Amino acid sequence: MKHYKTLWLLLMMMVGGLAMTSCSDKDDQESSGGGGEEVKDYVERMYPVVDPKENSQGTVTLRFYNDMPNVAYISVSHFQEMIYPGTTIQVQKVGNGKYALTNPFATAEVDTEKDTFTSSNYEAFTNMMGMVQTGMPNTTYDALPIIKWKSLEASPKQVNVTLDYGKYGIDIREDGTNVYFPFATISDLYIDGYMHMADFNGQTVMVAPNGAYSLDAGYPEFLITPLLKETRTDDMVDYSYKNLCFTLTNFFGYPGRTLLEKSMKEKGLDQSLQDYGKAGQMTRELLKSKDMYDFFSGTATLSCLLFDGGHTYTDLTTINELDSSFTQKLKPIRETKLEEFYNYCPEYLPIKQAKEDNRALRKELDSLRVEKIGKDVRYTKVGNTAYCHFDSFMCDDSGWRKFYKGEGPKPTIDQYPNDWLVILVDALEKAQNDPEVENFILDTSTNGGGSSDVVVFITSIFANKPDMYYENVLTGQKMKCSYEVDRNLDGKFDEKDKDVKLKMNIGVLISSYSFSCGNLLPAMLKDYGICLLGIKSGGGSCCVLYNPSADGFGYRYSTHRARLNNTKGQNIDEGIEPDYQLEPDEFFDIAKVGKLIEQFYAK
């Protein structure tokens with residue numbers, strides 16, 4: 001669950017691949033749909049494959065059919081080889097339009113007449129996590145070196161999944177020897193929580209050789225610029241809308257709070273928009289528009305209908321950070337369309353107000369913290385109670401990676417004063433070594449999320465529980481994922497980690513601003529008997545996926561792959577109630593909070 005601000009940078013990536021052909025230019029290849037003397041119904045072109053820094057990863061063949069000349073198709077074989085270098089798919093024709101697909105991890109069947117994809121182990125078939133840790137299944141892991149994946153328990157172990165692309169008018173094609181998916185469609189099928197993904201902007205395929213860590217330098221201008229056109233082609237408009245409807249209907253995490261999701265789950269996105277009065281009909285019309293500015297505005301209104309606290313954000317406007325003429329023209333059009341939408345959708349206004357109230361609470365808590373504890377004070381002590389301000393589950397992983405590779409010293413607060421993991425570790429060490437400290441407050445009241453790896457580290461230290469619980473909404477499987485944790489942070493996973501034991505009573509401050517991992521941590525700790533204080537947390541139960549749109553832009557949404565649960569298997573999107581309610585002006589009364597923590601553990 002990467003912090004979404006950082007992860008906007010990851011909207012168009014996938015794992016790097018090598019060239020599938022040696023052609024050195026983009027000239028149309030003399031190809032035909034069925035071979036022999038059949039009428040040529042497509043052309044194939046070579047495109048460069050690059051990483052975010054425009055380093056060449058080779059070339060790839062894309063196919064364009066005459067009836068959809070602007071929609072790129074790719075064979076399942078080429079895509080597998082590109083998305084996971086060193087692996088292949090064996091394709092065997094088993095009947096009229098029917099193909100058996102076998103990769104190193106699972107099997108699937110494609111029916112090109114019915115346009116369906118079926119697999120008894122969809123998660124395994126699309127698994128790319130072996131590139132992160134050998135043997136790892138398709139699960140939640142950000143690959144911070146402080147933890148390692150250990151095991152995954154799924155109940156039931158396998159579920160048969162059929163994805164009906166034909167129902168949405170998405171055409172899977174064949175040529176007698178291979179199967180071809182629209183590029184964006186198969187990319188959506190494979191995308192995982194580590195951000196292994198691919199995107200095509202009409203000129204270049206961009207890949208992310210290291211998943212979530214491939215775009216540290218920022219969103220590449222070379223990929224954005226070709227997309228900023230004023231109009232869209234008819235075939236792209238049609239396919240883009242169909243693919244969006246398929247993806248959100250089938251792959252959404254359905255956290256439980258959005259305006260549209262109950263209807264969408266029952267009837268699909270398209271019918272839900274048609275049935276949702278003027279607000280839905282307006283959104284549908286904008287999403288199907290040939291005018292790019294209207295299309296962008298439609299992604300903004302759809303984002304309102306699917307707002308789930310901050311994970312789902314289909315509004316493409318924020319991915320364009322360029323100061324361009326396109327941007328300047330877009331802004332007033334988008335604002336006008338949003339105002340019209342608000343008039344059609346009064347039920348969204350309380351949601352909009354709640355967002356503003358939450359931002360106001362954050363400002364209030366920040367101000368009170370500065371007033372009572374001091375500006376930029378991360379650790380302090382009052383009497384027998386220590387306090388740590390912990391504002392993000394992200395960290396500067398570069399220092400930790402060097403340390404675990406033996407290429408640098410263990411990160412310290414002097415070297416990394418703004419690394420939140422270092423801040424936490426430093427605070428725990430100070431408190432643990434101080435004989436006066438009996439209580440430890442972890443302040444996550446303004447923590448909007450970050451990496452679930454850090455959550456696992458904290459639950460292991462606080463409660464000796466290195467597990468995560470979630471469900472796959474598509475398959476219905478309940479999951480328990482367990483990890484090894486380097487609890488003493490000595491760079492080794494060994495028996496010495498078991499010796500780490502905190503002598504302090506632990507209390508965690510939460511508020512409605514505590515979202516995503518800021519909600520997951522208290523959900524787990526409450527089940528483990530750790531004291532929570534403050535205001536009910538803000539929810540955010542799903543991990544996030546970042547999908548390329550068919551046009552080549554990108555958006556994020558709550559994923560079906562991991563809707564997070566508590567240890568009882570219950571969805572945590574409604575937020576977590578604290579054991580002690582506090583008013584904002586009580587949050588930073590360290591002596592009072594310390595006494596409440598003592599009271600909790602004295603029960």
Side-chain angles (χ1 to χ4, degrees), residues 14 68 71-77 79-80 83-84 89 91-92 94-103 105-128 137-138 154 156 158-174 178-193 196-198 238-254 261 264-272 471-477 542-543 545-550 555 557-563:
M14 84 168 186
M68 300 172 67
V71 176
Y73 273 70
I74 187 170
S75 73
V76 292
S77 302
F79 191 84
Q80 178 75 36
I83 197 86
Y84 197 158
I89 287 181
V91 181
Q92 181 181 4
V94 293
N96 257 350
K98 295 181 175 64
Y99 290 80
L101 311 181
T102 305
N103 68 18
F105 317 111
T107 61
E109 295 181 2
V110 170
D111 188 325
T112 61
E113 293 188 352
K114 295 181 180 179
D115 297 311
T116 58
F117 169 95
T118 302
S119 178
S120 61
N121 200 335
Y122 155 71
E123 288 283 9
F125 188 84
T126 59
N127 183 29
M128 298 172 282
N138 204 342
Q158 291 187 2
V159 175
N160 195 66
V161 170
T162 295
L163 297 173
D164 190 349
Y165 291 99
K167 181 179 177 181
Y168 296 81
I170 298 173
D171 193 8
I172 304 174
R173 308 198 179 195
E174 60 158 319
N178 217 322
V179 175
Y180 294 79
F181 276 72
F183 189 96
T185 298
I186 196 169
S187 185
D188 290 350
L189 179 67
Y190 272 74
I191 289 170
D192 63 18
H196 292 128
M197 63 176 76
D238 181 63
Y239 165 65
S240 176
Y241 182 73
K242 290 174 178 176
N243 194 65
L244 180 68
C245 288
F246 174 87
T247 300
L248 288 179
T249 301
N250 290 278
F251 297 155
F252 191 55
Y254 295 96
E261 68 177 82
M264 188 169 79
K265 192 171 186 178
E266 294 174 355
K267 299 182 283 189
L269 176 59
D270 180 53
Q271 191 61 51
S272 295
E471 59 190 305
N472 184 308
V473 179
L474 178 65
T475 66
Q477 293 168 289
C542 293
C543 292
L545 287 191
Y546 292 78
N547 275 46
S549 71
Y555 61 99
Y557 67 96
S558 288
T559 171
H560 67 291
R561 289 192 184 270
R563 186 170 71 186

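As the structure is a prediction and not an experimental result, all values here were calculated from the model.
Paired with Y84 under the rule ring pair (Phe, Tyr, Trp, His ring centres under 6.0 Å), one option of Y190, F105, F125 passes, and it is F105.
Here the side chain of T559 pairs no donor or acceptor atom with the backbone of C543 at under 3.5 angstrom. Using modelled atom types, no side-chain atom of S187 and backbone atom of F183 make a donor-acceptor pair closer than 3.5 Å. Put simply, the side chain of E471 never gets that close to the backbone of Q477: no donor and acceptor are under 3.5 Å apart. Of the possible donor and acceptor atoms, one in the side chain of N103 sits under 3.5 Å from a partner among the backbone N and O of A106. Here the side chain of S272 pairs a donor or acceptor atom with the backbone of M264 at under 3.5 angstrom.
Across F251 and D188, no two heavy atoms sit closer than the pair CE1-O, 3.7 Å. When all heavy atoms of K267 and Q271 are compared, the pair lying nearest together is O-CB, 3.6 Å. Among all heavy-atom pairs drawn from C245 and L269, the shortest one is CA-CD2, 3.9 Å. F117 and S119 get closest at one heavy-atom pair: CE2-CB, 4.0 Å. Scanning both residues, L545 and G193, for their nearest heavy atoms gives CD2-N, 3.8 Å.
Atom CD1 of I89 is separated from atom CG of L101 by 5.5 Å, given to the nearest 0.5 angstrom. Expressed to the nearest 0.5 Å, how far CD of E174 lies from OH of Y180 amounts to 10.5 Å. Atom-to-atom distance recorded for M128:CE and I191:CD1 is 8.0 Å, nearest 0.5 angstrom. To the nearest 0.5 Å, atom CG of residue N547 and atom CG of residue L248 are 8.0 Å apart. To the nearest 0.5 Å, the span separating OH on Y254 from CG on L474 amounts to 10.0 Å. For the atom pair K167 NZ and T116 OG1, the distance stands at 13.0 Å (nearest 0.5 Å).
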* **Check against side chain to side chain contact (heavy atoms under 4.5 Å, CB included), L189 and L163** => CA-CA 10 Å; L189 179 67; L163 297 173; 3.5 Å; yes
* Dump the intermediate steps for side chain to side chain contact (heavy atoms under 4.5 Å, CB included) on N138 and D192, then the final yes or no. => CA-CA 8 Å; N138 204 342; D192 63 18; 3.8 Å; yes
* To do: Could you walk me through whether R173 and T112 pass the side chain to side chain contact (heavy atoms under 4.5 Å, CB included) test, one step at a time?
  => CA-CA 6 Å; R173 308 198 179 195; T112 61; over 6 Å; no
* Carefully, step by step, assess Y239 and T185 under the rule side chain to side chain contact (heavy atoms under 4.5 Å, CB included). => CA-CA 10 Å; Y239 165 65; T185 298; 2.7 Å; yes
* Asked: Is there a side chain to side chain donor-acceptor pair (under 3.5 Å) between D270 and Y241 once you walk through the steps?
  -> CA-CA 9 Å; D270 180 53; Y241 182 73; 2.5 Å; yes
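Between the side chains of T107 and T102, no donor N or O sits under 3.5 Å from an acceptor N or O.
Environment of NZ in K114: sparse, with no more than 12 heavy atoms of neighbouring residues, nucleotides or ligands closer than 6.0 Å. Heavy-atom neighbours of N160 CG from other residues, nucleotides or ligands within 6.0 Å: above the threshold of 12.
In this structure, F181 has its ring center closer than 6.0 angstrom to the ring center of Y165. For Y168 and F246, the ring centers sit closer than 6.0 Å to each other.
For D164, there are no salt bridge (Lys or Arg N to Asp or Glu O under 4.0 Å) partners, not counting sequence neighbours.
Residue pairs meeting the salt bridge (charged side-chain N to carboxylate O under 4.0 Å, His left out) criterion with at least one member in residues 115-125, sequence neighbours excluded: E123-R561.
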